[in-house]
Amino acid sequence: MLEEYKEMKKIDIKSKVIFYGYLSIYLFLNVVTLTKFPFVHSDESWLAGLSRGYSINHTPYVTESFFDLYPRNPHMIKVIFHYLQTLFIKIFGYNIFSVRLISLIAGMITIYLMYIIFNRILKDSMRAALLTILSSLNIQFIYASHFARQEIILLMIMIGCYYIYRFSCLSLTKKVTIIGILVGIAIGFHPNAFILGVVFGMIMLIDFIKKEISYKLLIIYGFIILGFGAIFVGLSFLGDINFINNYSNYGATLNVDATLIDKLFNLDEFYIKLFNQIGGTYYLPNIKMILVSIGIMFIGSLVGIILFKDKFEDKEKIILIDSLIALIAINIALVIIGRYNATSIIFIMPFGYFILGVLIKRIKKRAAITTALLIGMIIFSSIADYKEISIYTHYDYKDYLLSIEQNLQDDSIILGNLSAGFLFEEGTFFDIRNLAYLEENNLTLEEYIKSNNINTIIYYEELDYIHRNEQWTILYGDDNFYYDDLNRFIENHCSLVRSFNHPVYGMRIVRYMHDYPWKIKIYRVNKGTEYVH
C-alpha cells in the first residue's frame, strides 16, 4: 500500500512538472505571437478607442471620438471592461499589445481552472494535465486569448463559476450567492453575460427539480443578477435619459429585435457559417472537427445518460448532465439574444472537453491507450495550430501602421479605416462609417470634411469592391450618397502621398484576404482648397 502511494505521488509530481513546464512555454509563445495572430480587427481599436476616451475625458459618459455621425450613445453595460483596458493602456501604452494582454491573462487563468476541474473529473493527474494541454491548443481558444474583446473574460468567469458550484467546499448558499455576484459583475464586461446567467440558471433549475437545491436559492440567484442588471441600467440612465430606446435601436441594427421564431431559424445558419468558415470580417479558424466532435459527444452522452445511467458514477453523471444542459442553455441564450456573433462559439468548447474527460475516465482499463490518444491529439493540434498561426506572422500590424505613419504630417486629421485606429491621437481621426449618415444629418461630403478640418484621406481599395457588391455595404453602410462624391473630391482636391499594397489590412472581408494585393492610398487635401481650413 505504501509503495503504491509513493508511485502515485511520483506520477503526480511528474505530471505537475510537465503541466507547469508546458504552461511556461505556452505563455512565452503566446506573448511572442500576441500581436501577430489573429490580424487586428476594427472591433479591437473600437473598444480601445472608447477606453481611451474614458481616460482622457475622466468620465465613462462619453462616446468614441472617431464616430461623430455614426449613432452612438453612452451606457454602462461594458464599463468594467473599458476601465480595465484603461488601466492596461496607462501601464503599457495605447497599442494592440496592451489590450490583447488582458485577453491572454484571462486565457491563462482559464487554462489553470480547467486543469483543476480535469483533475477532479479524471482523478488522474497525468491525463488531466494532457487533457488541459489539448484544450489549450484549441485554435478557437488561442484566438479568443489573443483577441481584445470580452469573450475570453466571460469564459474565465463561467469556468470559475462552474468550479465554485461543483467542486468547492462552500455551502450551497455561498456558492449560489458568489455565482450570482460574478455573473452580475460580468454584465459590466459584455451583455453576453446573459449567456452565463442562463447556463447556471438552468443547471440550478435541474438541481431544484432533483431536489438538490431549494427554490429560495434559485430566487436569490435571480435577484442578485437582476440587482446588478438594475445597477448597470440605472448608471446608464445617468448618462443617457433615453438609454433603453437608444440601446434598443442600436440592437435592432444587429437583428436582436427579430421575432423568436426568426432567431431560432437562424441558429442553423450560424453553425453552417462556422463550419464553412464564413465569418464576414471576423477571422474564423477551421473548427470543423471540433464542432463535429462536440456534436457526437453531445448525442452520445445524451443516449448514454438515458440508456446506461447505471454505468456511470454519480459524479460522472453530474458532469455529463451539467455539460448537456450548458450546451443547450448556451444555444437557447444565443437564440434569445439573436445576435449570432462568431466569437460566441468559444462558450461551448469547455463543456465538450468536460464530456471528453468523463469518457476518458470511463475507460479505466485502457489508461495507456487514452494517454497515447491524448498525446497524439496534442501533436496533431500543435501542427495544425502552427500552420494556422504562421500564415499571419508574415503580416506584422506594426509594419502596416508604419506604412501609414511615415507618410502623415504632424497636423494630419484623418478620414480612414478604424483598423489603423491605434495609430491616431484622440480627436485626429474619423472613421469612414460616418459617411453613411451624411444624408440624415443634412450634410454634404465637402461640408463634413470642412467641419472636421480633415486634411488627409486614407482610401482603401475595398471600398471600390464593396460599392460593386452591394451585399457588403453592411460593413460601412449605404455608400450611394457618398461614394461618388468621395472619389470626385479626391480627384479634384487631393494629391496622392503614397500608395502601397496590403493583402490583409487592405481588405476587411476575410474570404478575400491574402489572395489579392489590396491597395491603400494616402491622400493629402491640397492647400488652398476652399473646403479645408
Side-chain angles (χ1 to χ4, degrees), residues 40-57 62-74 94 250 253 281 400-401 403-405 407-464 466-467 473-490 493-498 505-506 508 520-527 529-533:
V40 177
H41 192 275
S42 61
D43 278 6
E44 298 177 276
S45 54
W46 184 338
L47 290 166
L50 182 54
S51 298
R52 181 173 63 178
Y54 276 29
S55 179
I56 290 173
N57 294 284
V62 294
T63 57
E64 301 85 349
S65 65
F66 39 80
F67 288 138
D68 59 340
L69 298 185
Y70 184 86
R72 298 296 292 154
N73 301 97
Y94 188 69
Y250 181 69
T253 66
T281 65
Y400 163 60
L401 295 186
S403 296
I404 296 174
E405 184 180 27
N407 292 285
L408 297 179
Q409 297 182 22
D410 293 339
D411 66 342
S412 294
I413 298 179
I414 302 101
L415 175 67
N417 190 316
L418 195 51
S419 65
F422 285 100
L423 179 61
F424 310 119
E425 298 293 329
E426 180 87 350
T428 66
F429 169 75
F430 296 91
D431 187 71
I432 198 79
R433 290 176 179 89
N434 291 303
L435 301 186
Y437 299 89
L438 288 171
E439 187 173 16
E440 67 182 64
N441 284 276
N442 298 314
L443 288 170
T444 64
L445 177 74
E446 291 84 358
E447 289 170 340
Y448 181 74
I449 290 174
K450 178 180 179 181
S451 63
N452 288 309
N453 296 317
I454 293 169
N455 55 29
T456 304
I457 298 173
I458 303 176
Y459 192 92
Y460 292 75
E461 189 180 357
E462 69 166 358
L463 295 175
D464 300 325
I466 291 170
H467 184 69
T473 56
I474 56 172
L475 299 185
Y476 296 111
D478 186 0
D479 65 359
N480 288 319
F481 187 73
Y482 71 83
Y483 176 81
D484 290 336
D485 288 344
L486 178 60
N487 278 278
R488 273 194 298 268
F489 183 84
I490 289 172
H493 302 291
C494 299
S495 298
L496 181 65
V497 176
R498 188 195 172 188
Y505 292 108
R508 287 184 63 211
I520 301 170
K521 297 178 180 179
I522 302 172
Y523 292 97
R524 180 78 178 183
V525 178
N526 297 330
K527 289 184 178 180
T529 298
E530 61 179 298
Y531 303 112
V532 180
H533 295 303

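We're numbering straight along the sequence, starting at 1. Values below: all heavy atoms of this structure, side chains included; hydrogens, waters and symmetry mates excluded. Owing to the predicted nature of the structure, the values given are computational and were not obtained by experimental measurement.
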Any side-chain donor near an acceptor of the partner, [X] and [Y], under 3.5 Å:
X: Y505; Y: E462; value: no
X: S419; Y: R508; value: no
X: H493; Y: N526; value: no

Is it true that a side-chain atom of H41 and a backbone atom of T281 form a donor plus acceptor pair closer than 3.5 Å? yes
Would you check if the side chain of N434 reaches a backbone N or O of D68 as a donor-acceptor pair within less than 3.5 Å? yes
[atom1]/[X] to [atom2]/[Y] distance, rounded to the nearest 0.5 angstrom?
X: S451; Y: L443; atom1: OG; atom2: CG; value: 6.0 Å
X: S495; Y: I522; atom1: OG; atom2: CD1; value: 13.5 Å
X: L47; Y: S42; atom1: CG; atom2: OG; value: 9.5 Å
X: F489; Y: Y523; atom1: CZ; atom2: OH; value: 12.5 Å
X: Y70; Y: I432; atom1: OH; atom2: CD1; value: 14.0 Å
X: N452; Y: T428; atom1: CG; atom2: OG1; value: 11.5 Å

From the list I449, I413, L69, L418, side-chain contact (heavy atoms from CB on, under 4.5 Å) with F430 holds only for I413
Sequence-distant partners of [X], ring pair (Phe, Tyr, Trp, His ring centres under 6.0 Å), two or more places apart:
X: F481; answer: none
X: F429; answer: F424
X: Y459; answer: none
X: Y448; answer: none

Do [X] and [Y] come close enough that some side-chain heavy atom pair is under 4.5 Å?
X: P74; Y: V62; answer: no
X: N487; Y: D484; answer: no
X: Y400; Y: I520; answer: yes
X: I490; Y: I457; answer: yes
X: L415; Y: T456; answer: no
X: Y482; Y: D479; answer: yes

Mind telling me whether Y94 and F422 have parallel, tilted or perpendicular rings, with 30° and 60° as the class edges? tilted
Measure across [X] and [Y] and return the closest heavy-atom pair with its distance rounded to 0.1 Å.
X: I466; Y: L475; answer: CD1-CD1, 4.0 Å
X: A420; Y: I404; answer: CB-CD1, 3.9 Å
X: G421; Y: S45; answer: CA-CB, 4.1 Å
X: K521; Y: L496; answer: CB-CD1, 3.8 Å
X: G477; Y: A436; answer: CA-CB, 3.8 Å
X: N442; Y: E447; answer: O-OE1, 3.9 Å

Among all residues two or more places apart in sequence or in another chain, which pass the side chain to side chain donor-acceptor pair (under 3.5 Å) test with N480? D478
Tell me which pairs pass salt bridge (Lys or Arg N to Asp or Glu O under 4.0 Å) where either residue lies in residues 42-55, with sequence neighbours left out. D43-R149, E44-R100, R52-E426
Whether R433 engages the ring of F66 as a cation-pi pair (distance to the six-membered ring centre under 6.0 angstrom, angle to the ring normal within 45°) should be assessed. no
Trace of the side chain to side chain contact (heavy atoms under 4.5 Å, CB included) decision for L423 with L408: CA-CA 11 Å; L423 179 61; L408 297 179; 4.3 Å; yes
Given side-chain hydrogen bond (donor to acceptor under 3.5 Å, both in side chains), test N417 with Y476 step by step and report yes or no. CA-CA 10 Å; N417 190 316; Y476 296 111; 2.8 Å; yes
